[in-house]
Amino acid sequence: MKVVHKLEAAFEENRPVWSFEYFPPKTQQGVINLYDRLERMYKLGPEFIDVTWGAGGTTSDLTLEICRTAQSVYGLETCMHLTCTNMPVDKIDMALREAKDAGIQNILALRGDPPRGAAEWVKCDNGFANAVDLVRYIRKQYDDYFCISVAGYPEGHIDSEDKEQDLHFLKAKVDAGADYIVTQLFYDTELFLRWADQCRAIGINCPILAGIMPIQSYNGFQRMTTLCKTAVPEAIHQKLEPIKDDDQAVKSFGVQLAIDMCNQLRAGGHLGFHFYTLNLEKTTRLILEGLKFVAPVEKLRPLPWNPSKGRRRRDESVRPIFWRNRTRSYIARTEGWDEFPNGRWGDSRSPAYGELDGYGMTLRYGKDACLAQWNHPSSLEDVYATFAQYCLGQVKFLPWSDVPLNLEATLIRDHLARINSQGFLTVNSQPAVNGANSADPNVGWGPKNGYVYQKAYLEFFVSAEALQPLIRSIERDHPSITFYAVNRHGDLKTNTSSDEPNAVTWGVFPGQEIKQPTVVEVVSFMAWKDEAFELWNQWADLYTPGSSSHQVIQEIADSWFLVNMVHNDFQQPMEAIFNVFDQLSLDRETAEPTR
Ligand SMILES: Cc1cc2nc3c(=O)[nH]c(=O)nc-3n(C[C@H](O)[C@H](O)[C@H](O)COP(=O)(O)OP(=O)(O)OC[C@H]3O[C@@H](n4cnc5c(N)ncnc54)[C@H](O)[C@@H]3O)c2cc1C
Ligand SMILES: NC(=O)c1ccc[n+]([C@@H]2O[C@H](COP(=O)([O-])OP(=O)(O)OC[C@H]3O[C@@H](n4cnc5c(N)ncnc54)[C@H](O)[C@@H]3O)[C@@H](O)[C@H]2O)c1
């Protein structure tokens, strides 16, 4: 059924509507768990669900698969996002044909973000330049079979300087055949209501759904609003500042803020809400409960499927035997198990694993900004220096690290800088913590009055030549270290004996089970490595092919290894993980012939 008909019927009755956005999870286990989550969240009564399309079509097959399953197996009204990025007309045709074959009748037509590595958006050969062209094309090819939605920007699109013109581009999309609008996230409800009035004033009369992105974590919120240049009212900053180190308090604030925002929008006459769930469930449920948004009973017919019992979940050792025959109640208990991911390095079984915004990983800054930070390296040593300077706060970002080191990592910044200058190019790290208070300003997380623990880990790129002595040294002298190392072709080396997840962060909180938000495991490592190496390619593409900068970066991309290394003895001092590198330098010095 067309979403627009559902929206019109609800608005006719003055009834609010809500919908949920998901993104394709990074791992197969995450996909299976997302299906369970779709089932549970269906009971919250979304009018429809939608699934994002990876930037540059990177996850398009999975987007199609999830939409197909949600629509035709699970019977959920599903809207598929479709972008023009890297999509010549024949690929667009194929995606639309497959969507239609799966019974999908709703498409969110977008231009898309710049393709990987590109500073600016460029139209691909035989493709479309703007979302309006895609809307026109879908109408021309499929007449009124599809219900088409388009994106609206209450603060104007980030690329467009003229906000008024931006509004007219939106009208052009509607005039070309779009049926309703879904907006970009925003936090200023007054601004949204003014913008909605402007839309009506220039003759945009179709339904508008307000995009609501609940604040899930302080860092995530900061990162997202900086990247999207979102206007954040001062009152929100003021309320967040004193609680920013208490993850539970931030989440609760995020829930209340979303409730208040939706109520303000309703008071302003607005009835349509689109939740960016980030594949998380609990926050969305709490917001709907707070709003007293309850699905009409007739909508909650039983679904024609059973929750999938993922391979992992069947084997899960922590699953109590009491739940063996009561899968549903066990699943209900897991609703909040990934609510405290400590950074994106989370548990790959989580549907929310590994994504900041659901559109995929690209260089976050334009070409000029990147070159201003990374210059034109002509040797490997130049690259080492850039990484070391990042650790010392002199370079603002790297392809893998879009914001400066956080407080936690600054505790070990000198050690990090030292190993980076030696060619161990770090992209992620964590110091050891042995029972710090959960409100500790440097390493605390989770609800207050708890205690948190961490095993030290490092993730870095290293040349094949330097990897060998490192592995020898670990095997000889460092029994507490476990590692995975992989090159871009997937050649994996490890000293672990099973592919069980290794818990590297856990917390003990009053009146709760132990929380274990962060694990290191081979499945997620292998899923991550494709992106990790792809970012080197994007860096190389900033330079003219054949130039020395291009060659240096490409050499790393093609032949180096990505290593994850965990020091399992978390009771050792913070710097213990660095001993292995110091020992290597010592070995090198003693091996060098005396002159
Ligand atoms: C609800 C929502 C969902 C999204 N989902 C995804 C997703 O799944 N995958 C993804 O990669 N991205 C997604 N995005 C991000 C989106 O792709 C980017 O914001 C993208 O930069 C713009 O897409 P658009 O469809 O709004 O583009 P357009 O409407 O084509 O606008 C793009 C730019 O071109 C300008 N413009 C528009 N028409 C014209 C014209 N006729 N002539 C000249 N300039 C014009 C606009 O002012 C704007 O600056 C989503 C955004 C929103 C709000
Ligand atoms: N293994 C995976 O599956 C996976 C998935 C996504 C991201 N990651 C890794 O996590 C990194 C950061 O992810 P996040 O932003 O979600 O987590 P985060 O922001 O929590 O970062 C983790 C820690 O690493 C530190 N850090 C960041 N850049 C560093 C660098 N260059 N050298 C040393 N330490 C650094 C941060 O300050 C922070 O303390 C990514 O760049 C990537 O390396 C891994």
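Position 1 is the first residue of the sequence; numbering continues from there. Both backbone and side-chain heavy atoms feed into the values below; hydrogens, waters and symmetry mates do not.
Between Ala231 and Glu155 the shortest heavy-atom distance is N-OE1, 2.9 Å. Nearest heavy-atom pair across Val433 and Val452 is CG1-O, 3.5 Å. Smallest separation of non-hydrogen atoms from Ser149 and Cys79: OG-SG, 4.1 Å. Considering all non-hydrogen atoms of both residues, Pro399 and Leu535 come closest at O-CD1, 3.6 Å. The two residues Pro25 and Leu62 make their nearest non-hydrogen contact at O-CD2, 3.3 Å. Nearest approach of Pro154 to Gly152, heavy atoms of both residues: CD-O, 3.6 Å.
Distance alone, capped at 3.5 Å, places no donor-acceptor pair between the Lys173 side chain and the Leu110 backbone. Checking side-chain atoms of Arg111 against main-chain N and O of Cys84 turns up no donor-acceptor pair under 3.5 Å. Using a distance-only test at 3.5 Å, with no hydrogens or angles considered, a donor-acceptor pair links the side chain of Asn487 to the main chain of His489. Under the 3.5 Å distance criterion, the side-chain polar atoms of Gln373 are left unmatched by any main-chain donor or acceptor of Val395. Judged by distance alone, the side chain of Thr183 and the main-chain N or O of Gly211 form a donor-acceptor pair under 3.5 Å. The backbone N or O of Phe525 sits nowhere less than 3.5 Å from a side-chain atom of Asn564 that would complete a donor-acceptor pair. No donor-acceptor pair under 3.5 Å is formed between the side chain of Thr482 and the backbone N or O of Thr496. Judged purely by atom type and a 3.5 angstrom limit, Asn406 uses its side chain to pair as donor or acceptor with the backbone of Ala409. A distance-only check finds a donor-acceptor pair linking the side chain of Ser547 to the backbone of Thr544 [under 3.5 Å]. Side chain of Thr386 to main chain of Asp382: a donor-acceptor pair is present (N/O by atom type, distance under 3.5 Å, no hydrogens or angles).
You'll find the side chain of Ile49 reaches within 4.5 Å of the side chain of Leu38, heavy atoms only. By the 4.5 Å heavy-atom criterion applied to side chains, Leu467 and Val563 are counted as neighbours. A heavy-atom distance below 4.5 Å is found between the side chains of Ile471 and Lys493. Counting only heavy atoms from C-beta outward, the side chains of Tyr453 and Thr505 never approach each other to under 4.5 Å. The shortest side-chain heavy-atom distance between Leu185 and Met224 falls under the 4.5 Å cut-off. Using a 4.5 Å cut-off on side-chain heavy atoms (C-beta onward), Val580 and Asp477 make no contact. No side-chain heavy atom of Leu392 sits less than 4.5 Å from a side-chain heavy atom of Gln389. Contact annotation: the side chain of Val132 never approaches that of Phe169 to less than 4.5 Å [non-hydrogen atoms, C-beta and beyond].
Judged by distance alone, the side chains of Tyr457 and Asn428 do bring a donor and an acceptor atom under 3.5 Å apart. There is no side-chain donor-acceptor pair under 3.5 Å between Ser429 and Glu459. Side-chain contact, Asn219 with Lys244: no donor N or O sits under 3.5 Å from an acceptor N or O. Side-chain atoms of Tyr218 and Gln222 form a donor-acceptor pair, as typed in the model, at a separation below 3.5 Å. Using modelled atom types, one finds no donor on one side chain facing an acceptor on the other under 3.5 Å when comparing Tyr22 with Thr52. Between Asp113 and Thr85, the side chains place no donor N or O within less than 3.5 Å of an acceptor N or O (distance only, hydrogens not considered). Side-chain contact check for His81 and Asp50: at least one donor-acceptor pair (N or O, by modelled atom type) lies under 3.5 Å. There is a side-chain donor-acceptor pair under 3.5 Å between Asn502 and Asn568. Between Glu475 and Asn495, the side chains place no donor N or O within less than 3.5 Å of an acceptor N or O (distance only, hydrogens not considered). Under 3.5 Å, the side chains of Tyr137 and Asp93 contain a donor-acceptor pair of N or O atoms.
Within a 6.0 Å sphere centred on NZ of Lys123, heavy atoms belonging to other residues, nucleotides or ligands number more than 12. Annotation for Lys163: atom NZ counts as buried by contact number, over 12 foreign heavy atoms lying within 6.0 Å.
Taken to the nearest 0.5 Å, the CG atom of Asp166 stands 7.5 Å off from the NE2 atom of His157. Between Asn579 atom CG and Ser480 atom OG the span is 11.0 Å, to the nearest 0.5 Å. Between the OH atom in Tyr390 and the NZ atom in Lys396 there is a gap of 12.5 Å [rounded to 0.5 Å]. For the atom pair CZ of Arg97 and CD1 of Ile92, the computed distance is 12.0 Å after rounding to the nearest 0.5 Å. Atom CE of Met94 is separated from atom CG of Asp90 by 6.5 Å, given to the nearest 0.5 angstrom. Here CD1 of Ile104 is found 6.0 Å from CE of Met80. Values are rounded to the nearest 0.5 Å.
The aromatic rings of Tyr384 and Trp560 sit tilted relative to each other, their planes meeting at an angle between 30° and 60°. Using a 30° and 60° split on the angle between ring planes, Phe461 and Phe533 fall in the perpendicular class, above 60°. Ring orientation note: the planes of Trp539 and Trp374 are tilted relative to one another, at an angle of 30° to 60°. By the 30° and 60° cut-offs, the orientation of the rings of Phe387 relative to Trp400 is tilted.
Aromatic pair Tyr543/His550: ring centres not closer than 6.0 Å. Phe424 and Phe581 have their aromatic ring centers within a separation under 6.0 angstrom. Two rings, from Phe221 and Tyr187, have their centers less than 6.0 Å apart.
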Practice item. Check the pair Glu21, His274 against side chain to side chain contact (heavy atoms under 4.5 Å, CB included), reporting the backbone distance first and the verdict last. Key: CA-CA 7 Å; Glu21 180 183 292; His274 184 71; 3.5 Å; yes

Exercise for review: Could you go through the side chain to side chain contact (heavy atoms under 4.5 Å, CB included) check for Phe561 and Lys529 one step at a time?
Suggested key: CA-CA 10 Å; Phe561 276 75; Lys529 71 114 170 113; over 6 Å; no

Practice item. Please test Trp53 against Phe23 for ring-ring contact (aromatic ring centres under 6.0 Å, His included), starting from the C-alpha separation and ending with a verdict. Key: CA-CA 8 Å; Trp53 189 265; Phe23 63 81; over 10 Å; no

Review point. Should Thr426 and Asn420 be marked as a side chain to side chain donor-acceptor pair (under 3.5 Å) after you check the CA-CA gap, both sets of side-chain angles, and the distance that decides it?
Key: CA-CA 7 Å; Thr426 59; Asn420 275 284; 2.9 Å; yes

Exercise for review: Take Phe460 and Val427 through the test side chain to side chain contact (heavy atoms under 4.5 Å, CB included) and record every step on the way to the result.
Suggested key: CA-CA 6 Å; Phe460 54 88; Val427 292; over 6 Å; no

Exercise for review: For Asp582 and Arg418, run salt bridge (Lys or Arg N to Asp or Glu O under 4.0 Å): C-alpha distance rounded to whole Å, both residues' side-chain angles, the deciding distance at 0.1 Å, then the answer.
Suggested key: CA-CA 9 Å; Asp582 296 336; Arg418 194 173 68 249; 3.0 Å; yes

Exercise for review: Check the pair Tyr276 / Gln184 against side chain to side chain contact (heavy atoms under 4.5 Å, CB included), numbers first and verdict last.
Suggested key: CA-CA 10 Å; Tyr276 293 105; Gln184 179 63 292; 4.1 Å; yes

